[in-house]
A.B. asks: 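This structure is in structure tokens; I'll ask about it shortly.
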Amino acid sequence: MNEQDSQPTGGEVTPTGEFGSGAVRLDQGHVIGDGGIPARFENPGFPPHPHRGTDLDEGAAKRAERVVGGLFILSVLGTLGFIVAYFAIDSDATVFVPGIGMTNALHLVLGLTMAASLLGIGLGAVHWAKTLMPDHEEVEMRHTMRSDAEHRKEFGTILGEGAESAHLTRRPLIKYAMGGALGLFAVPVILPVLGGLGPMPGDDLSVSFWNGDQEEDGKYPNKPLRLMRDPQNTPIKASEVTIGSVFHVMPEGLLDLEEHILEAKAKAAVIVMRLDPDDIKVQKEKDWGHQGIVAYSKICTHVGCPVGLYEQQTHHLLCPCHQSTFDVTQDCKVIFGPAKRPLPQLPITVDDEGYLISKGPFKEATGPSFWERGSA
Ligand code: FES
């Protein structure tokens with residue numbers, strides 16, 4: 001029904017025919033006055049509401065329904081094409097496109113299929129709204145912003161009725177095609193996100209250069225490695241590590257790597273300090289140090305900054321990023337800040353020449369706690 005011609009009553013009209021004070025024109029002939037009282041006016045000149053062909057002719061409505069369904073199905077096909085292309089097309093494959101030249105085939109197909117997916121939904125929704133959705137013009141009153149409980153309840157009822165009047169029950173093709181289009185639409189969004197997360201780290205984080213090279217049987221030789229000054233790359237004698245001193249250390253042989261040196265160093269970086277053995281309060285593994293010399297991972301267990309600040313007096317290691325503080329006298333337990341676990345300890349001893357060497361690798365993964373941690 002076209003309600004435009006209904007005449008609101010009450011309120012004022014100026015002698016010139018203007019709307020009364022505070023009268024508000026909304027949309028398409030909606031006119032109301034102060035305090036929700038409709039302004040009294042003749043039809044101010046809005047054209048009669050034109051009825052659509054689909055309102056008058058069920059055949060036209062059927063055709064529109066098929067077009068809308070077809071567009072949603074196009075979206076479904078686009079989405080399915082995207083999924084298939086994502087798995088089937090080699091990421092390095094290229095294809096010649098006239099006017100562009102050689103281009104990446106996967107990106108091209110993903111772009112085209114996603115465009116079909118989006119366009120299908122968008123055009124389908126627009127065509128549906130323009131041809132088949134209810135087409136009424138109504139006069140509404142402007143109220144205070146917050147509705148009272150009764151009206152909010154009424155709104156819920158109207159919403160339900162709206163869904164009913166959208167003919168979803170009468171037009172199952174649209175209902176199911178749109179459901180498929182919207183349901184599958186999330187897949188192209190999720191797939192690249194999951195793919196972009198990369199592979200699971202496995203034991204990559206619990207194995208560092210201190211483990212040595214992996215052997216054919218998949219095991220690590222656990223070969224002792226000298227502790228080398230960073231960056232000088234010279235070995236450290238235990239006698240050089242005086243109480244209160246601190247050394248930044250990397251494993252022997254790390255700089256001989258031909259590639260991924262920084263990555264290896266990031267996992268194997270160690271900080272070495274000497275404490276008076278009487279100052280050590282807690283030491284789970286008593287033979288992991290040497291006469292008060294202890295070595296801990298330098299990678300903060302919060303989000304991985306280098307823990308480089310050592311307070312000699314308190315024996316605290318500080319992470320400059322978010323102020324996590326580790327107490328070296330208590331196995332590098334976290335005593336302040338956001339880190340959730342102690343710094344992993346590297347077991348050390350000395351070799352025949354008095355140089356500091358590792359006794360074995362870290363027994364747990366170094367680095368941030370949110371990384372998957374396994375045992376070495
Ligand atoms: S990275 Fe060390 S406290 Fe945040």
Side-chain angles (χ1 to χ4, degrees), residues 193 196-211 225 227-233 236 241 243-251 254-255 257 260-275 279-285 288-289 292-348 356 358 360-376:
V193 171
L197 292 177
M200 292 295 284
D203 69 353
D204 214 25
L205 301 171
S206 53
V207 172
S208 72
F209 199 85
W210 297 104
N211 291 75
L225 295 172
L227 276 62
M228 312 293 276
R229 283 181 187 82
D230 185 13
Q232 295 88 343
N233 198 31
I236 306 165
V241 186
I243 289 183
S245 62
V246 58
F247 286 76
H248 299 272
V249 162
M250 60 183 162
L254 186 139
L255 293 187
L257 283 175
H260 304 308
I261 290 184
L262 284 180
E263 190 181 314
K265 196 171 169 184
K267 288 197 284 179
V270 159
I271 191 162
V272 169
M273 299 132 294
R274 184 170 209 153
L275 286 71
D279 287 338
I280 297 179
K281 298 179 203 152
V282 178
Q283 201 175 17
K284 278 190 305 225
E285 307 291 346
W288 280 15
I293 303 174
V294 285
Y296 287 91
S297 167
K298 198 173 148 185
I299 312 303
C300 182
T301 53
H302 178 219
V303 290
C305 287
V307 179
L309 305 174
Y310 178 58
E311 283 183 352
Q312 291 182 10
Q313 304 303 318
T314 58
H315 308 299
H316 290 167
L317 276 169
L318 301 177
C319 176
C321 287
H322 313 101
Q323 287 72 53
S324 284
T325 306
F326 304 87
D327 186 353
V328 184
T329 67
Q330 300 186 66
D331 275 340
C332 272
K333 168 181 151 187
V334 182
I335 56 169
F336 181 79
K340 289 286 179 285
R341 63 186 177 101
L343 296 172
Q345 185 173 6
L346 181 76
I348 56 169
L356 290 174
S358 63
F362 292 113
K363 297 295 186 264
E364 58 182 314
T366 58
S369 300
F370 57 76
W371 285 355
E372 184 194 19
R373 293 195 283 137
S375 54

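Ligands are counted one by one from 1 in listed order, and the atoms in each one are counted from 1 as well. Position 1 is the first residue of the sequence, and the numbers go up from there. Since the model is a prediction, treat every value here as computed from it, not as a measurement.
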A.B. asks: Who pairs with Lys340 by side-chain contact (heavy atoms from CB on, under 4.5 Å), at least two apart in sequence or on another chain?
C.D. replies: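 For Lys340 the side-chain contact (heavy atoms from CB on, under 4.5 Å) partners, ignoring immediate neighbours, are Ser369.
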A.B. asks: What pairs with Glu285 under side-chain contact (heavy atoms from CB on, under 4.5 Å), at least two apart in sequence or on another chain?
C.D. replies: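 Testing Glu285 for side-chain contact (heavy atoms from CB on, under 4.5 Å), a comparison that skips the adjacent residues, returns Asp287, Trp288.
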A.B. asks: May I ask you to determine how many protein N/O/S atoms are under 2.8 Å from atom 2 (Fe) of ligand 1?
C.D. replies: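 If we list every protein N, O or S atom nearer than 2.8 Å to atom 2 (Fe) of ligand 1, we get 2.
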A.B. asks: Assess, by modelled atom type and distance only, whether the side chains of His315 and Tyr310 contain a donor and an acceptor separated by less than 3.5 Å.
C.D. replies: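 On atom types as modelled, these side chains qualify, holding a pair under 3.5 Å.
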A.B. asks: Please state whether the sulfur gamma atoms of Cys305 and Cys321 sit closer than 2.5 Å to each other.
C.D. replies: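 Yes, because the SG atoms of Cys305 and Cys321 sit under 2.5 Å apart, which meets the disulfide cut-off.
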A.B. asks: Minimum heavy-atom separation for Phe209 and Ala268, please, with both atom names.
C.D. replies: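 Result for this residue pair: CB-CB, 4.1 Å.
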A.B. asks: Just to verify, what does Pro338 make a side-chain contact (heavy atoms from CB on, under 4.5 Å) with, not counting sequence neighbours?
C.D. replies: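 With neighbours one apart ignored, the set is His302, His322, Ser324.
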